[in-house]
Each structure stands twice: as C-alpha cells, then as structure tokens.
Amino acid sequence: MAVEGTDLHLESDADDLEDKSGPSSSKKLKTSAKSVGAAKYRTKFHQEWSKLYPFVQEVKDNPYKFQCNVCMRQVACDHQGKHDIERHMEKAMHQANVKQMKGQTTLGFYLESSPINEQVIRAEVKVAHMLAQHNIPLSLADELTPLFHDIFPDSDIAKNFSSRRTKTACILNGAIAPVLQQNLVNTMKTCPFTLSIDGSTDTGVEKMNPLTVT
C-alpha cells in the first residue's frame, strides 16, 4: 500500500504543479524543451583521406573543408566527413573535370637533382613568367631555346635550357598559376579589392567573361 500511495502522491504533485503553474510556466517548459536536443558535431578533415582519395588535400586555414585538386575548389566536409568527398565525386562537374584530365597528355620525365638542374629550372620558370607578364605569344618560346644555345655557348644553363611552347604552357598552368592564385586569394581575405568585368576583347568563337581583381 505504501508503494501505491507514493505513486498517487507523485501524480498528484505533478497535477498540482501543472495547475498552479498556469500558462506562463507552460511557456517556460516549451522554451526549455526546444533548447534541449542532440549535440551537433562538425567533422574535421583527416590526413588518411588523402590516401583513399589522392586528389584531395587539407585546407590549412579551415579544417572543416578539403581542397579538390581536380576541380580546383574547396568543399565542406563538416557534415558527413568522408561521405562528403564521395558525394562531391558523384557531381557532374567533378566527373567532367576528371574526363577532361584523362584526355590531356602528361609529360613524364625524371630530372636528377643537382645545382645546374636547379638553375635551369629557375631560368625556364623566369622565361615563362616573363612571356605571360608581357603578354607575349608562347610560340616565341620555340625560338628562344635554340637562340640561347647559339648566343651562350659557354653557359651550361643555356646548353640545358629546353622549354618550347608546350613545356612553357605546362609551367605556367601547373606551377606558376596555382601559386599566384593562392597568393591573390590570401590577399583578398585581408585587404579590400575591386572587381572589374571587361568583355571587349572577346573576338574568338569561344565566349569568355574576364573578371579582373584589383
């Protein structure tokens, strides 16, 4: 009988509390109920994901994103972690970029590390940068290699210099452009900038909309 009395007493206390509380107390209970729930956790990028998906890498200033080197963009992974990478792989944009990369010819070569090779690479990069900076056609690179061999016969750097238009384009797109792009992004994060749109130079068949950051 004592147990039954206790149960009845608890029920009556609850009823009395509900009666005495009134509408205002009911609102408080509803408000507190909304604030109680499952905790939300954000997933950070894990280094082992780069082994499973070689085309991704961490974003140094944001652990909740990964860099897709195929699409050259940052994608959030804080929701489902590794599954966010798989979902990005299924998108039409990523698959189109993968198909385009497979159609490109890869220039495979091995260059032994030595002081002279380092100087040759430095010369080829600086020449490529000069051509792009002054808007000079890359076809000129076909003439520079034999020209350097002819006018600098006593230079080991000139003898080993070999960067025609195809290699020069690869240096610009694969080595110089990513560094300059990242430097520009870092500057835009900390300094004011303006955007200029100018399509007046669009005279080709393929339409482009150039965007200039100053």
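All of these numbers come straight from a predicted model, not from anything done at the bench.
Note on V98 and V56: same hydrophobic cluster, where clusters join Ile, Leu, Val, Met, Phe, Trp and Tyr whose side-chain heavy atoms are under 4.5 Å apart, directly or indirectly. Cluster membership for W49 and V75, using ILVMFWY side-chain heavy atoms within less than 4.5 angstrom, is shared. Under the 4.5 Å side-chain contact rule for hydrophobic residues, L52 and M89 share a cluster. Note on I121: it does not cluster hydrophobically with V179, by side-chain heavy-atom contacts below 4.5 Å among ILVMFWY residues. The hydrophobic cluster containing M130 also contains I151, counting ILVMFWY residues as joined when their side-chain heavy atoms lie under 4.5 angstrom apart, directly or transitively.
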Item to complete: Please step through side chain to side chain contact (heavy atoms under 4.5 Å, CB included) for the pair R164 and L138, ending with a clear verdict.
Response: CA-CA 8 Å; R164 299 178 185 268; L138 299 185; over 6 Å; no

Discussion item. With salt bridge (charged side-chain N to carboxylate O under 4.0 Å, His left out) as the criterion, how do K159 and D154 come out once you've worked through the C-alpha distance, each side chain's angles and the decisive distance to 0.1 Å?
Written reply: CA-CA 8 Å; K159 290 179 182 178; D154 56 342; over 6 Å; no

Practice prompt. Begin with the C-alpha distance, continue with both residues' side-chain angles, and end with the deciding distance and a verdict on side-chain hydrogen bond (donor to acceptor under 3.5 Å, both in side chains) for T168 and S163.
Written response: CA-CA 6 Å; T168 302; S163 182; 3.0 Å; yes

Discussion item. Run the side chain to side chain contact (heavy atoms under 4.5 Å, CB included) test on H83 and E86 for me, step by step, so that the C-alpha distance in whole Å, both residues' side-chain angles and the decisive distance to 0.1 Å come before the verdict.
Written reply: CA-CA 5 Å; H83 296 291; E86 297 175 351; 3.3 Å; yes

Discussion item. One pair to check against side chain to side chain contact (heavy atoms under 4.5 Å, CB included): Q57 and F66. What are the steps and the verdict?
Written reply: CA-CA 6 Å; Q57 66 183 44; F66 66 89; over 6 Å; no

Worksheet item: Does the pair N117 and S114 meet the rule for a side-chain hydrogen bond (donor to acceptor under 3.5 Å, both in side chains), with working shown?
Response: CA-CA 5 Å; N117 289 336; S114 66; 3.0 Å; yes

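When all heavy atoms of R165 and A141 are compared, the closest pair comes out as N-CB, 3.8 Å. F45 and S50 get closest at one heavy-atom pair: CZ-OG, 3.6 Å. When all heavy atoms of H94 and F55 are compared, the closest pair comes out as CE1-CE1, 3.6 Å. Scanning both residues, G174 and P178, for their nearest heavy atoms gives O-CG, 3.7 Å.
In this structure, D84 contributes its side chain and Q80 its backbone to a donor-acceptor pair below 3.5 Å.
Atoms CG and NZ, from L172 and K167 in turn, are 12.5 Å apart once rounded to the nearest 0.5 Å. Remark: I85 CD1 to C68 SG distance equals 9.5 Å, nearest 0.5 Å. Atoms SG and CD, on C77 and Q67 in that order, are 12.0 Å from each other to the nearest 0.5 Å. Rounding to the nearest 0.5 angstrom, the gap separating the CD1 atom in I136 from the CG atom in L144 is 8.5 Å. Going from atom CZ of R87 over to atom NZ of K82 covers 14.0 Å, rounded to the nearest 0.5 Å. Atoms OG1 and CD1, from T166 and I171 in turn, are 11.0 Å apart once rounded to the nearest 0.5 Å.
Between K189 and D61 the shortest side-chain heavy-atom distance falls below 4.5 Å. Side-chain contact between H79 and T43: absent, with no pair of heavy atoms (C-beta onward) separated by less than 4.5 Å. Inter-residue side-chain proximity for I157 and I116 is flagged as met; some heavy-atom pair is nearer than 4.5 Å. Here the side chains of V125 and I176 are in contact, with some heavy-atom distance below 4.5 Å.
Salt-bridge annotation for K65 and D78: absent, with no side-chain N of the basic residue lying under 4.0 Å from a carboxylate O of the acidic one.
Residues passing the salt bridge (charged side-chain N to carboxylate O under 4.0 Å, His left out) test with R122: none are found, sequence neighbours excluded.
Side-chain atoms of E58 and Q47 form a donor-acceptor pair, as typed in the model, at a separation below 3.5 Å.
Ring orientation note: the planes of F148 and F161 are nearly perpendicular, at an angle over 60° on the 30°/60° scale.
A ring-centre distance under 6.0 Å is not found for H88 and Y53.
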